[in-house]
Structure formats: C-alpha cells, structure tokens
> 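After the structure tokens below, expect a handful of questions from me.
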Amino acid sequence: MPSDTKLHPAPAAADAAWQADVRAGVRHVRDLASLPLSSAERAAAQAAAANHKVRVPKAYLDLIDWNDPADPIRAQVIPSPDELMEQDGELDDPIADHEFSPVPRLTHRHADRVLLFPTYQCAVYCRFCFRKESLTAIGRGYTREALEPALAYISDHPEIREVILTGGDPLSLPDKALAEIFARIEAIPHVRLLRIHTRVPVALPSRITPGLVAALQGRLMVTIVTHFNHAREITPATETACRTMRHAGFVLLNQSVLLKGVNDTIEVLEELCRELMYRLGVKPYYLHHGDLARGMAHRRTMIAQGQALAAALRARLSGICNPVYVLDLPEGGGKVPIGPCYVEGRDGESWRLRGLDGEVRGYTEVVGE
Ligand code: SF4
C-alpha cells in the first residue's frame with residue numbers, strides 16, 4: 001500500500017467518507033431527538049431552530065462533551081432559546097450585504113473585490129451566523145443560471161481583482177459545481193485571486209478530498225479562509241484537511257468570531273491561535289467582534305473586553321500567530337481594526353508609544369531632506 005494513501009484515498013472512497021459523515025449527523029430539526037438532550041433542552045432547541053436551520057455533521061457532533069451544558073462546541077451549533085430573545089439595535093442584515101448588491105448573488109462594497117454567493121446552504125449551520133436571515137429567506141443552492149448575472153457583472157467591471165466565494169458555504173457544493181464556477185471566474189482576465197470563506201474544514205473535514213482541491217486548480221491564486229473558533233475544533237481530521245489544501249498550493253487563513261462562552265478568555269484564544277499556525281499551518285487573520293445579528297446578544301462581548309484580549313494576544317504571541325481584532329461596520333462601512341492603540345501622544349515629531357511590556361517610550365522621527 002503506498003505510504004500516502006491516507007492523504008490521497010481513491011476518489012469514490014473519499015466521497016463516501018464525507019457523505020457518510022453528513023448522513024450520520026443532524027440534518028433536520030427532527031434529528032435533534034437523537035441527541036442526548038433533556039426533554040426541556042430538546043423542546044427549547046426545536047423552538048429556536050424555527051428561526052435558523054439546524055445541521056451538524058457527525059464529525060463535529062462527536063467533538064461535543066454532552067456532560068457539559070456550556071460546552072463551547074455545543075454552543076456553536078445546538079439551538080438555544082436565547083436566540084429567540086432579540087434586542088433593540090440588532091439587524092437583519094448587519095453589514096448591509098443587500099444594500100450593496102447590484103445584481104442577485106453578488107455584493108460589491110469595495111472597488112477591487114466582490115462577494116459571490118454560489119449557494120445559500122451550508123454543511124453546518126452556526127447559531128451565531130450573521131447571514132442567517134439570508135440563509136433562511138433565500139436558502140437556495142447553486143444553479144448555473146442563478147450565477148449568470150453576477151458573472152456578467154464581474155466581467156463588466158475591470159476594477160475587480162478578487163472574487164470571494166461565500167454564502168452559504170461554497171465548499172458544501174459538489175466538485176463539479178466548484179470546477180464550473182472556478183472555470184467561469186478564471187476566464188475573466190482581470191480577476192487575479194479567488195478567495196473561499198468556509199466552515200467545511202472545521203465541521204466536515206472529510207469533504208476536503210483530492211477531487212475538491214483538483215476542482216480549484218488553475219491560473220487563479222486560491223486563498224481558503226477557514227473559520228475555527230476553538231482549539232478543540234483542531235483534530236487529526238482537520239489536520240489532514242489543511243495539509244491536503246496546503247499541498248494543493250492554497251494560502252490558508254483563519255477568521256474567528258469572538259463569542260461569549262466559547263472563546264472569550266485569553267487562554268482559549270492563545271491556544272487557538274498557536275494551534276492554527278503551528279499544527280494546521282493556517283495563519284490567524286481576523287478576530288471578529290460580534291456583529292449585530294438578531295438573537296445573538298447572549299454570545300456578544302463588550303468591545304473593551306475584546307481590546308483587552310487583543311492586547312494580551314499581542315503581548316504573548318508572535319506576529320504570525322496574531323489575528324487583527326476587527327469590527328465589520330453596519331451600513332457597509334467595511335472591516336475596521338478596533339484593537340488597542342499603542343500611541344499615547346505626540347508633540348510634533350516626537351511620539352509617545354506604549355510597548356508590549358506596558359512602558360511608554362519616546363520615538364522622534366528622523367528623515368532625510
Ligand atoms: S457556515 Fe458560515 S454561512 Fe453557514 S451558518 Fe456557519 S457562519 Fe453562517
């Protein structure tokens with residue numbers, strides 16, 4: 001048997017593995033009945049699932065410690081009655097995707113890049129999702145016809161350099177659909193980079209098959225932005241998935257969301273960032289402050305707490321392990337860094353700056369004529 005069989009299983013076996021993982025997971029609200037929940041918890045989960053679909057592959061379910069009601073994996077995927085408690089100020093479309101959508105399935109907020117939504121379905125439905133309203137209201141999967149207006153728009157706008165596949169989860173699509181989308185985008189000469197935002201490597205790592213990575217090979221630089229929120233999500237299976245993507249030549253980045261009760265301590269974040277970089281080869285890219293998605297007040301933290309965590313990460317971790325703490329602003333204002341500021345003051349060309357040890361030091365600018 002060749003030594004790389006584990007990395008490169010036969011295509012049929014590779015597909016059978018992830019399909020079995022999906023089938024054995026939670027696919028419908030009724031499947032919640034098979035989970036070790038109390039009858040009160042099950043009733044509450046079923047009520048909450050009315051607002052946002054429920055789906056969890058078996059590989060992710062298996063990470064849950066059912067003896068811990070506050071388990072951070074469970075908190076991300078099992079519906080909670082708190083989701084039904086909406087607050088004033090929460091929004092259906094927290095970052096104004098729809099306002100900046102000139103054609104269906106596309107958002108164009110920044111000149112050089114667009115979001116493209118090939119599907120509004122996911123391999124896992126995360127309770128904190130800021131696009132849950134779209135996933136519920138639109139909910140449709142991929143068809144070639146549905147993407148035509150968006151692809152024509154990209155073709156007609158030479159300023160677009162990056163296409164970001166998001167959703168829904170693009171990697172929940174079949175290889176054939178991915179190859180088709182890749183080929184259409186690759187044929188637009190001004191597009192240089194294809195970025196894919198996905199939870200699949202976290203929740204359904206068996207889906208990262210040789211067939212999937214082969215569907216994304218060609219002229220375009222490919223960046224995969226994963227979405228790990230806790231070091232317990234990093235397993236031998238996610239290691240294999242990330243290694244397969246690295247060997248395929250993809251750039252791997254991760255964005256996490258800061259979630260109360262999941263990862264809002266320095267110990268959890270530090271371990272997550274280190275393991276992402278050192279074990280998976282995935283660069284921690286963004287740590288998102290929770291946006292104003294409806295029914296998520298119970299998972300949101302205060303910005304001051306996030307800043308303190310970001311400062312502690314900055315002091316403890318190397319630059320390559322450090323994510324940027326950001327907030328994706330309402331009304332389409334874009335992602336802005338909201339981490340701690342190290343500038344204490346300025347007098348002309350003399351600056352006072354706080355070091356990672358907390359001491360304030362001076363820096364006077366010296367430049368040539
Ligand atoms: S996979 Fe992404 S789009 Fe889908 S529910 Fe989770 S966060 Fe939302």
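For ligands, and for the atoms within them, numbers begin at 1 and follow the listed sequence. Just so we're clear, the structure is a prediction, and the values are computed from it rather than from any experiment. Along the sequence shown, residues are numbered consecutively beginning with 1.
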> Will you find, in the side chains of Asp21 and Ser206, an N or O donor that is under 3.5 Å from an N or O acceptor?
yes
> Just checking, is any N or O donor in the side chain of Glu233 or Tyr60 under 3.5 Å from an acceptor N or O on the other one?
yes
> Going by the order shown, which atoms of ligand 1 are within less than 4.0 Å of some heavy atom of Val124?
1 (S), 4 (Fe), 5 (S), 6 (Fe)
> Taking the six-membered ring where the residue is Trp, are the ring centres of Phe130 and His197 under 6.0 Å apart?
no
> Would you mind checking which non-hydrogen protein atom is closest to atom 2 (Fe) of ligand 1, with the distance to 0.1 Å?
Arg199 CG, 4.3 Å
> What atoms in ligand 1 come closer than 4.0 Å to a heavy atom of Cys129?
3 (S), 5 (S), 7 (S), 8 (Fe)
> Atom 5 (S) of ligand 1: which protein heavy atom is closest, and how many Å away?
Cys126 N, 3.3 Å
> Do the rings of His288 and Tyr286 sit parallel, tilted or perpendicular, given the 30° and 60° boundaries?
perpendicular
> Would you say the side chains of Glu83 and Asn51 form a donor-acceptor pair under 3.5 Å?
no
> Relative to ligand 1, is Cys122 under 4.0 angstrom through side chain, backbone, both or neither, heavy atoms considered?
side chain
